2 protein chains.
Amino acid sequence: LAVDKAADFANYFCTYAFLYHQKEMLVDRVRMDAYFSSIFRNLKHFVGKTVLDVGTGSGILAIWAAQAGAKKVYAVEATAMARHARTLIAGNKLDHIVEVIEGSVEDITIPEKVDVIISEWMGYFLVRESMFDSVIYARDKWLKPDGIMYPSHARMWIAPVRTSILEQKQQEYEHAMADWNSFLQDTNLHYKVDMSCLSKPYKEEQQKYFLQTALWNSLYPNQIIGTPVIIKEFDCLTTTVEEVAAIRSSFKMHFYESQRKCSGFAGWFDVQFKGSPSNPADEEVELTTAPSAEETTHWGQQVFLLSPSVNLSAGDVLSCSLDITRSRQNHRLMDVKFVHQVERASGEVSPPITSPYAIE
Amino acid sequence: LAVDKAADFANYFCTYAFLYHQKEMLVDRVRMDAYFSSIFRNLKHFVGKTVLDVGTGSGILAIWAAQAGAKKVYAVEATAMARHARTLIAGNKLDHIVEVIEGSVEDITIPEKVDVIISEWMGYFLVRESMFDSVIYARDKWLKPDGIMYPSHARMWIAPVRTSILEQKQQEYEHAMADWNSFLQDTNLHYKVDMSCLSKPYKEEQQKYFLQTALWNSLYPNQIIGTPVIIKEFDCLTTTVEEVAAIRSSFKMHFYESQRKCSGFAGWFDVQFKGSPSNPADEEVELTTAPSAEETTHWGQQVFLLSPSVNLSAGDVLSCSLDITRSRQNHRLMDVKFVHQVERASGEVSPPITSPYAIE
Ligand SMILES: Nc1ncnc2c1ncn2[C@@H]1O[C@H](CSCC[C@H](N)C(=O)O)[C@@H](O)[C@H]1O
Ligand SMILES: Nc1ncnc2c1ncn2[C@@H]1O[C@H](CSCC[C@H](N)C(=O)O)[C@@H](O)[C@H]1O
């Protein structure tokens with residue numbers, strides 16, 4: 001599982017070097033309000049304390065920690081964005097408190113252990129980007145034994161959904177295959193080459209692309225057609241990289257009444273700022289990325305289509321298992337394996353159906 | 001100039017592993033017809049000969065070379081597309097002639113020198129992707145002294161253009177900056193952070209993005225407002241990597257009458273299949289990516305905007321120089337420096353204006 005650093009930079013870090021991309025996060029009001037409140041409503045965690053901000057980006061969380069009374073803040077950023085963070089921190093007259101360090105948190109050194117680690121490390125469906133690994137690494141190396149994690153907890157959610165994206169993607173897929181077939185004829189006619197032996201791999205490639213790749217979407221609450229389920233909870237003080245790298249969950253999906261068709265399921269996350277057992281928050285704050293009519297986040301939800309869709313009768317329950325592992329080509333992306341069986345109200349159980357997905 | 005292979009794969013090669021992307025090239029009729037004609041109208045270059053196809057992709061050029069009578073074709077492909085090429089070649093019953101080798105042409109070994117090197121290595125504005133390097137490398141290592149290059153010649157063209165993309169991109173840029181300004185206010189108000197010290201780098205980032213990045217476009221011929229100029233010619237038999245890696249050209253742009261505004265310039269290329277001096281083609285074939293009313297290619301043209309635009313009077317001439325070098329972060333992308341001075345009909349010459357661009 002050795003990671004090539006240059007490839008990781010090309011694949012992952014490069015986008016974070018743009019202010020444009022940092023700004024997209026800085027205008028996410030749900031995200032901003034949660035971190036802002038978690039800090040300023042729990043000043044006791046910051047006043048006179050030392051703080052490590054893992055992946056400071058523009059420097060925003062480090063600045064708030066300093067404004068909240070921290071004695072010293074180490075703000076670590078892997079990309080050249082570190083230089084803009086330095087400008088921003090000086091511009092806000094906090095350079096006597098916040099020290100920006102350009103480098104991977106895995107590589108850098110700070111002169112002391114810290115009271116608080118703060119980080120905004122969450123990717124789509126929580127685990128995309130695998131940045132939690134870096135926070136866990138930093139925790140084990142730099143957090144004092146009685147230190148606090150901001151956020152302190154994280155949870156992954158799943159719920160069945162109905163969405164017209166299913167029909168749209170099915171049509172796009174059909175269209176792509178019709179196009180392929182006329183391509184086969186043209187190539188035969190004009191260029192004397194028979195491409196039909198590539199129809200099977202082409203079909204697989206297009207299925208993957210249109211139907212087996214998780215889709216970003218901002219769902220309305222009424223698109224959720226069954227009870228959301230927590231498939232995984234993390235205590236940020238104790239979670240290990242192994243627990244994050246391979247997530248397995250078995251659960252049942254219960255549908256709300258009158259729902260007759262399930263076009264897929266959605267995954268999202270929430271995180272909590274609760275302090276630590278020995279030093280709990282004065283006021284707990286939660287950041288949720290669940291479907292919402294008013295407040296949406298840049299994370300949205302990840303939608304996994306079921307093609308064909310599952311037709312439901314009253315009382316049907318889905319017995320499911322979900323496996324989330326890392327893609328072999330790129331450890332920051334995920335492979336998902338979803339298995340479901342319909343448990344009919346009659347007691348009859350359908351054979352298991354396996355659906356593979358990529359989170360890209 | 002050491003290239004990290006894993007990063008190069010992440011940045012560049014990965015897209016070529018998709019049949020979808022290979023298909024985009026295979027449906028480009030201008031491209032296909034040129035290679036097809038160059039081979040089948042010059043059978044003497046292939047009958048009984050040995051051929052190396054650098055970057056075989058789907059295998060199409062190797063198949064044609066074999067169909068044209070080659071004795072042996074080595075088809076080298078860096079990505080896993082090599083496996084599909086093998087399927088396609090077997091499906092067309094040519095696996096006794098074409099041998100697919102998966103690997104970079106820089107790394108692989110073949111048992112003999114070849115009579116012909118064929119390759120479709122051209123990127124946007126010819127040089128993007130820097131794949132010509134690999135073809136030159138293969139030529140110096142594997143082509144017989146009297147061997148032939150397919151294509152044999154390549155040329156880069158520049159012409160002044162008018163295009164409403166200029167106004168569109170200027171507006172998008174203005175919009176992005178207006179948005180930034182309201183972001184500054186919001187962030188000050190809600191989150192107590194003054195972001196104004198990042199306005200200068202943000203402005204630069206947005207200018208680069210909207211106005212200083214070459215744009216793909218398929219221009220109509222009547223958008224060309226002056227005489228196209230050849231800025232560089234390559235003889236594929238003798239060109240060195242150094243000549244490709246840093247291209248410098250000085251030239252004059254002459255405008256057609258009645259043109260009053262120049263919104264930028266466009267770059268494109270053509271390649272010729274002429275055989276070699278000792279073994280010229282029976283029928284020369286040319287592949288051009290110039291603006292055309294009927295036949296467009298997937299390469300289109302690269303448009304470089306001049307913001308502000310240049311206002312012309314009758315008889316004005318632009319005295320220009322163009323420098324194309326490789327981007328430091330990614331050797332497959334280019335930095336362009338364009339300098340122009342207006343030579344008025346009166347003899348007056350304006351001060352030089354330098355415009356930097358990225359080809360991304
Ligand atoms: N291992 C690592 N070491 C240092 N920085 C990292 C890192 N992994 C990710 N990052 C950085 O972490 C940032 C995550 S985005 C969050 C940015 C900022 N804290 C905010 O809340 O707005 C990115 O800028 C990314 O470049
Ligand atoms: N150094 C190198 N060694 C081997 N293959 C290379 C290479 N550089 C680029 N390639 C491959 O060259 C191909 C160029 S695209 C052209 C594909 C095919 N010859 C056709 O004409 O349709 C890509 O598939 C790319 O993966």
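So that the names make sense, note that chain A is the first sequence line, chain B the second, and so on, each numbered from 1. The model shown is predicted, which means the values in this text are computed figures rather than measured ones. Any value given below was found using the heavy atoms of this structure, including those in side chains, with hydrogens, waters and symmetry copies removed.
Crowding of A/Phe9 atom CZ: a count of heavy atoms from other residues, nucleotides or ligands under 6.0 Å exceeding 12.
For A/Ala70, the side chain to side chain contact (heavy atoms under 4.5 Å, CB included) partners two or more places apart in sequence, or in a different chain, are A/Val51, A/Val73.
With a threshold of 4.5 angstrom between heavy atoms, B/Ile60 approaches chain A through side-chain atoms but not through N, CA, C or O. Looking at A/Phe183, the atoms closer than 4.5 Å to chain B (heavy atoms on both sides) all sit in the side chain, from C-beta outward. Only the side chain of A/Ile63 has a heavy atom closer than 4.5 Å to any heavy atom of chain B.
Between B/Cys197 and A/Gly91, the shortest heavy-atom contact is SG-CA, 4.1 Å. Taking both residues in full, the closest heavy atoms of B/Leu26 and A/Met195 are given as CD1-CE, 3.9 Å, listed atom of the first, atom of the second, then distance.
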Check every N and O of chain B against chain A and note each donor-acceptor pair under 3.5 Å, with its distance.
| from | atom 1 | to | atom 2 | distance (Å) |
| --- | --- | --- | --- | --- |
| B/Leu19 | N | A/Glu205 | OE1 | 2.6 |
| B/Leu19 | N | A/Glu205 | OE2 | 3.3 |
| B/Tyr20 | N | A/Glu205 | OE2 | 2.8 |
| B/Lys23 | NZ | A/Asp179 | OD2 | 2.5 |
| B/Arg29 | NE | A/Tyr191 | OH | 3.2 |
| B/Arg29 | NH2 | A/His190 | NE2 | 3.2 |
| B/Asp33 | OD1 | A/Tyr191 | OH | 2.7 |
| B/Trp64 | NE1 | A/Tyr191 | O | 3.1 |
| B/Gln67 | NE2 | A/Lys192 | O | 3.0 |
| B/Asn92 | OD1 | A/Asp194 | N | 2.9 |
| B/Asn92 | ND2 | A/Asp194 | O | 2.9 |
| B/Asp179 | OD2 | A/Lys23 | NZ | 2.6 |
| B/His190 | NE2 | A/Arg29 | NH2 | 3.2 |
| B/Tyr191 | O | A/Trp64 | NE1 | 3.1 |
| B/Tyr191 | OH | A/Arg29 | NE | 3.2 |
| B/Tyr191 | OH | A/Asp33 | OD1 | 2.7 |
| B/Lys192 | O | A/Gln67 | NE2 | 3.0 |
| B/Asp194 | N | A/Asn92 | OD1 | 2.9 |
| B/Asp194 | O | A/Asn92 | ND2 | 2.9 |
| B/Glu205 | OE1 | A/Leu19 | N | 2.6 |
| B/Glu205 | OE2 | A/Leu19 | N | 3.3 |
| B/Glu205 | OE2 | A/Tyr20 | N | 2.8 |

